[in-house]
Amino acid sequence: MIEQLYSTHYKELLGWCKAMAQNGQQAEDLVQEAFLRAMKHTALLEHLSEAQRVSWMYRTIRNLYIDSIRHASFETLAENIPEGAADFEADKRIGYEQALMQLSKDERRLFALQCQGYSSKELGRIFGMPPGTVRAKLFSARKKLKSVLTK
């Protein structure tokens with residue numbers, strides 16, 4: 001079952017993760033870690049449909065990515081107190097990441113993929129939602145981000 005999931009969805013999951021992480025090596029590591037977790041949870045996954053298994057993989061990868069951002073953010077904050085203009089960009093990136101954390105999990109996933117050029121129709125097919133629902137979630141995500149970033 002895991003082998004079939006891997007052979008059928010690895011490229012799709014890796015592409016999504018690359019779009020989210022903006023780092024090919026990190027994306028490969030996250031997807032591999034998700035498949036390792038899938039092997040540990042085979043008993044759970046056996047009772048799920050194919051679509052539910054893929055959804056479980058997306059959630060697992062997303063959670064791993066969020067954990068890596070949190071870990072990196074805490075390390076950065078603990079090690080470096082911003083000084084000068086060079087650190088402004090790092091602060092800005094942390095601010096964006098924290099703003100993204102204010103979004104719901106669906107909004108974050110949709111927003112990340114939309115930023116990579118996916119249309120609402122394509123996103124609807126990927127996540128099993130009508131395109132109108134996708135657009136509504138993206139509108140909500142942009143509104144929340146604007147609110148957080150303009151404070």
Side-chain angles (χ1 to χ4, degrees), residues 1-80 90-149:
M1 173 203 47
I2 300 295
E3 297 85 12
Q4 179 189 6
L5 189 63
Y6 184 89
S7 65
T8 307
H9 298 285
Y10 177 78
K11 288 183 181 179
E12 170 190 341
L13 292 167
L14 181 61
W16 175 76
C17 191
K18 282 181 181 179
M20 179 176 59
Q22 297 292 307
N23 179 325
Q25 184 59 48
Q26 181 185 21
E28 288 179 25
D29 291 345
L30 292 169
V31 173
Q32 291 299 324
E33 178 65 26
F35 275 102
L36 287 173
R37 289 191 182 192
M39 285 189 261
K40 291 178 183 177
H41 294 91
T42 303
L44 168 74
L45 294 172
E46 286 176 345
H47 299 291
L48 301 177
S49 70
E50 180 73 15
Q52 290 172 322
R53 289 179 191 142
V54 173
S55 179
W56 186 91
M57 290 298 294
Y58 274 104
R59 281 191 310 272
T60 301
I61 292 168
R62 185 203 69 239
N63 289 341
L64 289 167
Y65 177 64
I66 290 168
D67 288 346
S68 72
I69 289 173
R70 286 181 183 150
H71 184 71
S73 294
F74 289 130
E75 281 184 0
T76 301
L77 290 173
E79 293 173 2
N80 301 317
D91 286 348
K92 195 163 83 173
R93 179 165 173 87
I94 290 170
Y96 290 148
E97 290 169 354
Q98 289 175 343
L100 287 172
M101 297 307 291
Q102 300 300 313
L103 301 178
S104 72
K105 61 184 176 181
D106 286 341
E107 290 171 335
R108 267 193 310 273
R109 288 190 308 183
L110 292 170
F111 187 77
L113 289 173
Q114 186 200 33
C115 289
Q116 294 302 310
Y118 286 89
S119 70
S120 58
K121 187 175 182 180
E122 292 168 324
L123 292 171
R125 277 196 305 267
I126 291 170
F127 296 105
M129 297 180 202
T133 302
V134 170
R135 287 189 297 274
K137 287 183 179 287
L138 288 169
F139 176 79
S140 173
R142 286 189 299 271
K143 187 175 177 181
K144 285 178 187 176
L145 287 173
K146 184 177 179 180
S147 171
V148 169
L149 292 172

A.B. asks: Please find the pair of heavy atoms, one from Cys17 and one from Leu30, that lie closest to each other, and give the distance.
C.D. replies: SG-CD1, 3.7 Å

A.B. asks: How many angstroms lie between atom OG1 of Thr42 and atom CG of Leu5, to the nearest 0.5 angstrom?
C.D. replies: 10.0 Å

A.B. asks: What is the minimum heavy-atom distance between Leu45 and Arg53, and which atoms define it?
C.D. replies: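 Taking Leu45 first and Arg53 second, the nearest heavy atoms are O-NE, 2.8 Å.
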
A.B. asks: Between atom NE2 of His9 and atom CE of Met57, what is the distance when rounded to the nearest 0.5 Å?
C.D. replies: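 Spacing of NE2 (His9) from CE (Met57) equals 9.5 Å.
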
A.B. asks: Indicate yes or no for a side-chain donor-acceptor contact from Ser7 to the backbone of Glu3 under 3.5 Å, with no hydrogens or angles considered.
C.D. replies: yes

A.B. asks: With a cut-off of 6.0 Å (strictly less than), are more than 12 heavy atoms of other residues, nucleotides or ligands near OH of Tyr10?
C.D. replies: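 Check passes, neighbour count above 12.
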
A.B. asks: What distance do Gln25 atom CD and Lys18 atom NZ have between them, rounded to the nearest 0.5 Å?
C.D. replies: 9.5 Å

A.B. asks: Shortest non-hydrogen contact from Met20 to Tyr65?
C.D. replies: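 Heavy atoms only, the tightest pair is O-OH, 3.4 Å.
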
A.B. asks: Does Arg135 have any salt bridge (charged side-chain N to carboxylate O under 4.0 Å, His left out) partners at least two apart in sequence or in another chain, and if so, which?
C.D. replies: none

A.B. asks: For Lys137, enumerate each residue passing the salt bridge (charged side-chain N to carboxylate O under 4.0 Å, His left out) test, keeping only those at least two apart in sequence or located in another chain.
C.D. replies: Asp106

A.B. asks: Where does the angle between the aromatic ring planes of Phe35 and Tyr6 fall among parallel (under 30°), tilted (30 to 60°) and perpendicular (over 60°)?
C.D. replies: perpendicular

A.B. asks: What distance do Ser120 atom OG and Met129 atom CE have between them, rounded to the nearest 0.5 Å?
C.D. replies: 11.5 Å

A.B. asks: Which atom names give the shortest non-hydrogen contact between Gly117 and Glu122, and what distance separates them?
C.D. replies: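 Answer, listing the atom of Gly117 first, then Glu122: O-OE1, 4.0 Å.
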
A.B. asks: Would you sort out whether Trp16 and Ile126 count as a side-chain contact (heavy atoms from CB on, under 4.5 Å), showing the intermediate values?
C.D. replies: CA-CA 11 Å; Trp16 175 76; Ile126 291 170; over 6 Å; no

A.B. asks: To the nearest 0.5 Å, what is the distance between OH (Tyr118) and CG (Leu138)?
C.D. replies: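 Tyr118 atom OH to Leu138 atom CG measures 14.0 Å (nearest 0.5 Å).
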
A.B. asks: CH2/Trp56 to CD1/Ile61 distance, rounded to the nearest 0.5 angstrom?
C.D. replies: 9.5 Å

A.B. asks: For Arg59, which residues count as a salt bridge (charged side-chain N to carboxylate O under 4.0 Å, His left out) partner, sequence neighbours excluded?
C.D. replies: none

A.B. asks: Please answer whether the main-chain N or O of Arg37 pairs with a side-chain N or O of His41 as donor and acceptor at a distance below 3.5 Å.
C.D. replies: yes

